[in-house]
Amino acid sequence: MTNTLTLRRPDDWHLHLRDGAVLTAVLPETARDFARAIIMPNLVPPVITGDQAAAYRDRILAALPQGMSFEPLMTLYLTEDTDPDDVAAAAASGLVTAVKLYPAGATTNSNSGVRDFDNVRAVLERMAEIGLPLCVHGEVTDPEIDIFDREAVFIDRVLDPIRRATPGLRVVMEHVTTSDAVDYVKAGNDDLAATITTHHLVINRNHILVGGIKPHYYCLPVAKRETHRLALRDAATSGHPRFFLGTDSAPHVDPLKENSCGCAGCFTATNTMSVLAEVFEQDGALDKLEGFTSLNGPAFYRLPVNEASITLTKGEPVTYPEKIACDDGPITVFDPGYPLHWAVQRD
Ligand code: NCD
Ligand code: ZN
């Protein structure tokens, strides 16, 4: 039986760090285990320009505790007014690693996102030319479309037409939640990849709704039925090179989650590596964990893999805080609903 597991140090290809007190509270939770992360730009106001991304990067690095190392990979929030030259300059200088597309109104702080996709065509064409990846929140916002169908409809109505109209555009379908998205990514070429979150490998929609509403399991895209969760498990644990970890760890303080109109987002930074080791072991795929957390992402983003490593050991159930403290209020850590046995060695 395997009792220790050494992996190249993982990266998180989709992370919300926020700003101010929340940034200070959550950054160490990620930097403890992860070397790099793609930082989501959905602040208020959003990170739209290269200058804003540089300033946000400085705030992140200033919040990093002494002795910890972590590289934030910055993204720009795509709006209908985004200037292709500003994007190209930010990419050329190495400041940004990707651009993020939010359909307007799809999720937390997405109101400045895109309404008419024709208005961002010039930016997408420039990104295709320079090979800069587009990270896509793949849900339509049409009120007629059921929330559980919004990802699948987005593929047909928006994503596939954009990809056909923009050959060479490199796309990451973020936080996929359906077998439709898994199939679409598998059928695509090397310009198409997907991130999968920690929590979508663990919960389905019953976890949110059966036996009382569980606000800490509510995120967007919302978890779907069990068949979809199993398709995600299969994609993640199969070793397919175009699926990799993007935790979408999305902290909101408890009063904003436990609310009559609660915010979307699961906070998984604290225990993600323990949860993933448990999940991959359950599926007899511990040998595929390193690909998912540490190799497939850098390959898609054309970045070097990390030289450092982390070791997980298996033993008694792991203890982790139920909440982390923050000056704005407590932030609840994702509860997978079962004990975790793999602990990251920290010395
Ligand atoms: C994210 C957030 O809170 O910023 N929430 C979420 O449920 N995942 C936004 C997002 O990634 O959709
Ligand atoms: Zn997100």
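In this text the structure is predicted, and so the values were computed from the model without any measurement. Atoms within each ligand, like the ligands themselves, are counted from 1 in listed order.
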* Could you walk me through whether Lys224 and Thr178 pass side chain to side chain donor-acceptor pair (under 3.5 Å), step by step? => CA-CA 7 Å; Lys224 310 296 191 296; Thr178 57; over 6 Å; no
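- Between His252 and ligand 1, at least one N/O pair is under 3.5 Å apart.
- Residue contacts with ligand 1, taken as heavy atom pairs separated by less than 4.0 Å, do not involve Met40 at all.
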* Asked: How far apart are the C-alpha atoms of Asp180 and Glu151, what are their side-chain angles, what is the distance that settles it, and do they pass the side-chain contact (heavy atoms from CB on, under 4.5 Å) test?
  -> CA-CA 8 Å; Asp180 311 70; Glu151 184 173 280; 6.0 Å; no
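- Protein heavy atom at the shortest distance from atom 5 (N) of ligand 1 is Ala264 O, 3.1 Å.
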* To do: Could you walk me through whether Thr6 and Thr311 pass the side chain to side chain donor-acceptor pair (under 3.5 Å) test, one step at a time?
  => CA-CA 4 Å; Thr6 298; Thr311 297; 2.9 Å; yes
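- Residue Asp116 qualifies as enclosed at atom CG: its count of foreign heavy atoms under 6.0 Å is above 12.
- For Cys219, no nitrogen or oxygen atom sits less than 3.5 Å from a nitrogen or oxygen atom of ligand 1, counting backbone and side chain alike.
- Checking His16 against Asn42 by side-chain atom types alone, a donor-acceptor pair falls below 3.5 Å.
- Among all protein heavy atoms, the one lying closest to atom 1 (C) of ligand 1 is His16 NE2, 3.6 Å.
- Here the closest non-hydrogen pair linking Thr198 and Val275 is CG2-CG1, 3.6 Å.
- Here the protein heavy atom with the shortest distance to atom 10 (C) of ligand 1 is Thr107 OG1, 3.4 Å.
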* Is there a side-chain contact (heavy atoms from CB on, under 4.5 Å) between Glu226 and Asn206 once you walk through the steps? -> CA-CA 8 Å; Glu226 178 66 355; Asn206 280 11; over 6 Å; no
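- The His137 neighbourhood of ligand 1 comprises atoms 12 (O), with distances under 4.0 Å to a heavy atom of that residue.
- Chaining together hydrophobic side chains whose heavy atoms lie under 4.5 Å apart places Tyr77 alongside Trp13, Ile38, Met40, Ile48, Leu73, Tyr102, Val172, Phe244, Phe300, Tyr301, Leu303.
- Among all heavy-atom pairs drawn from Ala91 and Val96, the shortest one is N-CG2, 3.8 Å.
- Residue Asn109 does not touch ligand 1, judged by heavy-atom distances below 4.0 Å.
- In plain terms, the two heavy atoms of His216 and Asp254 that are nearest each other are CE1-OD1, 3.3 Å.
- By the 3.5 Å distance cut-off applied to N or O atoms, Lys100 is not counted among the residues near ligand 1.
- Assignment of Glu174 to the shell around ligand 1 is not supported, since no heavy atom sits closer than 4.0 Å.
- Between His14 and His175, the two ring planes are tilted [angle within 30° to 60°].
- Regarding atom 8 (N) of ligand 1, its nearest protein heavy-atom neighbour is Asp248 OD2, 2.7 Å.
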* Hey, mind stepping through Thr49 and Asp86 against side chain to side chain donor-acceptor pair (under 3.5 Å) and telling me if it holds? -> CA-CA 7 Å; Thr49 65; Asp86 183 58; 5.0 Å; no
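- Ligand 1 has at least one atom lying under 4.0 Å from a heavy atom of Arg18.
- Closest to atom 7 (O) of ligand 1, if we only count protein heavy atoms, is Leu220 N, 2.7 Å.
- Protein atoms of type N/O/S that fall under 2.8 Å from the Zn ion (ligand 2) number 3 in this view.
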